[in-house]
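I have placed the structure first, in the form of structure tokens, so that the comments after it can refer back to it.
Every chain is numbered from 1, with letters handed out A, B, ... down the list of sequences.
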Amino acid sequence: MSQKSDELKIYWKKIKYAFPILNNTLPTECTDQEYEEITQIIVGLGIQVKIRDLVLVHVEKYLRVYVAPSFWSKFTKVEEDIKAFQLFKSAVNDLYDSVNQFSDMLRRLKHLNNECCDNRPIFGEKDVILGFKQLLRATLLSQLPTTYYIIINHFYELSFNVFDNMKSSDMDEDICLGCWNEYSECNCAYIVKVFYDTNKKLVELQLLERLAGQVLTNFIQKKIEVHIRKICTGAFDVSHMSHLEDWLDTTVMTWLTRIYSAGSSQAPPGIKYAITKFKQKLSFFLYQTYTKLRIDQLFNIIIEYPDSQPAIDDIKTCLESTNLCPLLCKKLQTALETRLLHPGVNTPDILTAYISTIRALRHLDPSGIILETVTKPVRNYLRNREDTVRSVVSSLTEEGTGSELAEELAKFAAENDEDNEKEEAWDDWYPDPVDADPRRAQGPKGSDIISMLVNVYGSKELFVNEYRTLLADRLLAQGDINTEKEIRYLELLKLRFGESQLHFCEVMLKDISDSKRINTLISQDKNFAEMNAKFSSNAMILSAQFWPPFKDESLELPEEIKQHLAEYTKAYEGLKGNRTLSWKPHLGNVNIEIEIGEKKLDLTVSPFNATLIMHFQNKPEWLLEELHDIMKVPMTVLRRKITYWQSLGLITEKSSDYYVLVDGSEANKANVPSNQVQEMICEDEETESVMASAHDQREGELQVFWSYIVGMLTNLDSLPLERIHQMLKMFASQAPGTECSLNELRQFLDTKVRTHQLVLQGGMYKLPKL
Amino acid sequence: MKVTVKSWTGVATWRWIANDDNCGICRMPFDSCCPDCKLPGDDCPLVWGACSHCFHIHCIVKWLHSQPQQQCPMCRQDWKFNNK
């Protein structure tokens, strides 16, 4: 019995001699021959499986207790690149060495494993060596400290820096940009060597991916971001895409290849696959980062369009391979809202930006879906601005270059003929993107900028009305207008809005040219020639039905003028049987010459101002009330308009509401030089429209409802707003064009409350008690 | 101070001297034109009948063409053009 146990003790000693790991050490003098014998013993005893498993348990313990902690102990928080570089290098070296110490034993274990013949996987691997590596990785990673990436980061950053600067190093500077040392002590070569070495070891240990993969990815992504930020800020007129891809291909990918293939620039096939995968990820990231950056700048890019077209092209390419479209819409929408859609921005500026947006986004996305989503708030906002239509119309008809809309209008006329051919291009069709709103009208996608603008309102009518008002203003303001030019514009507009809508404008233009003819005819009239000897008078004779309604303003003209105009009417009646004229005394313009002292002023003023100064000619001092009596103009208006002559220094307000003519000598002192005066007039001419505004017109239309409302309230005493609206809808709005929204009705009723025609009590409207 | 008016450009609207505002046939204002015309005034004048009713010339001519008897559509008297 004791003999047997002795024998066993000897065997155990021998086994421990062959596998010193059982005593927690590695070195042994055991030769292959000795080992052969020991194997025989083990196999003889039939304990090969048990021994193998025991050894593996001890290997695991050894790695856990000695190798891993000593490896990780080097991973401290270090600030300097070079120190971290050294630490990482030594950590990897030590690890490599201690792993190498295992190699003898592993060989023996492998041998033993072959004797086991049980095909049991070792740590999930079919081979002892692979199993060991697996075990090593598992053990190492199980003890991963939280700050491990710091020195790895430093390590790769330093080497990347060196690598990045190897090709493009500037010899002019004293300091090597790679390692920040002076050239005399440049470390680059050393760094590159160590770098390759370390990587090679990591690859051999199959630890590169595990240990550095994440760090590398993060690091490269950071580099890409920094690089993009460095290159792509500010300039929108160059495309950066090809440059960026080039950079990724050359600098980054070559570097990566060298890491993985340990120094050589040609990667072995297995690694090549991994690198291609890596590259795909990186280039996706590159695209994404670049697109995000560009999306942040998109508002500025749009403002600079078409100069920024390359940037738009870039985004277009990128959007195809990233899914950032929703982000783009959201960001751009917010940018538009914060930068454009607030009261501080002029309507023309908003329009310019809107037009740029339309153009840029149409280029970006021909299907128009992004455009539609993004500009929705802009359209909503523009709809609420009062002067939108006016701005659009005036920029449409603006002279000269710089007016994009005018160009657009002319372009449309030219393109109109080509349109028919375009419809045939069915093979150019693309389906809508998946995120498109399916409820979207399937209208013509190529709707042009002007329609987009006009569609802000949903109808052409309002737009055309505004154009009419604007045209009327212009025709009346300018004595001799270039009708030919206006007709040309009108023709262009007709192409777009249709004949019938603009028929009124056509009549208006004809009125003006007819008036010229009539003026010539009348001035040849013998009876009238007498009158005309004093001063020439002309008239613009309008067809009232076709002009927008005029603001009602009263003005009593001086007697001589009235006579003159009466003569004109007579002459007209003689010329055109059965027709007569009704004058609008406050409209038109008058050319007068004022002699004051030695000075002569030649002015073109409104009839109002002419009348006013003519009164002062007869009597130098006036009370406001007297002026009011003689001119039949409200005092507030008088007070406002008399400032024109005050600004010229011809009239002063001596005391409140008491105006005095400044006589010659004083005028000279008070007055500015006459050439300056001339300039002032041009600016001082009233710019406000003589036409009733669209708002006033609308109120006139609502007036139709008033009798209904009065009837309702007489019968039912008091009603809330909603009820009135409903009743009106039921009874009164049969005719087209008389729909009115709840809001409009509220405004209308509020004006009635203000003029005491209605009483609002607790949300109920009532007729006031008489 | 002396103010001399050199020229005066006034603005006026023209209208027909008639005893009604609208044409009894097309119901359009006289100052506008009949439905077939584009331009008012000289191109679409009014005519007066002996019965003192007046219409757009195009309207009454159309009416007379469509009727077996030449009557004023307003008062059913025989229609005669009044060239006053």
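- Checked by atom type, the side-chain pair A/Asp511/A/Trp547 shows a donor-acceptor distance below 3.5 Å.
- When each of A/Ile594, A/Thr569, A/Asp514 is scored by its heavy-atom pairs under 4.5 Å with chain B, the top score falls to A/Ile594.
- For the set B/Leu39, B/Thr4, B/Leu46, B/Asp31, the entry with the most heavy-atom pairs within less than 4.5 Å of chain A is B/Thr4.
- Smallest separation of non-hydrogen atoms from A/Val507 and B/Pro40: CG1-CD, 3.8 Å.
- Among A/Ile592, A/Thr580, A/Leu581, the residue making the largest number of heavy-atom pairs under 4.5 Å with chain B is A/Thr580.
- The local environment of NZ in A/Lys619 is crowded, with over 12 non-hydrogen atoms from other residues, nucleotides or ligands closer than 6.0 Å.
- When every heavy atom of A/Phe608 is checked against every heavy atom of A/Met631, the shortest pair comes out as CE1-CE, 3.6 Å.
- The minimum heavy-atom distance linking B/Pro73 with B/Ile60 is given by the pair CD-CD1, 3.7 Å.
- No more than 12 heavy-atom neighbours from other residues, nucleotides or ligands sit within 6.0 angstrom of NZ on B/Lys80.
- For A/Tyr572, the part lying under 4.5 angstrom from a heavy atom of chain B is the side chain only.
- A/Lys510 touches chain B through its side chain: at least one heavy atom from C-beta onward sits under 4.5 Å away, while N, CA, C and O do not.
- Contacts between A/Glu595 and chain B at a heavy-atom distance below 4.5 Å involve backbone atoms as well as side-chain atoms.
- Per-residue heavy-atom pair counts under 4.5 Å with chain B were compared for A/Ala539, A/Ser515, A/Pro585, A/Ser543, and the maximum is reached by A/Ser543.
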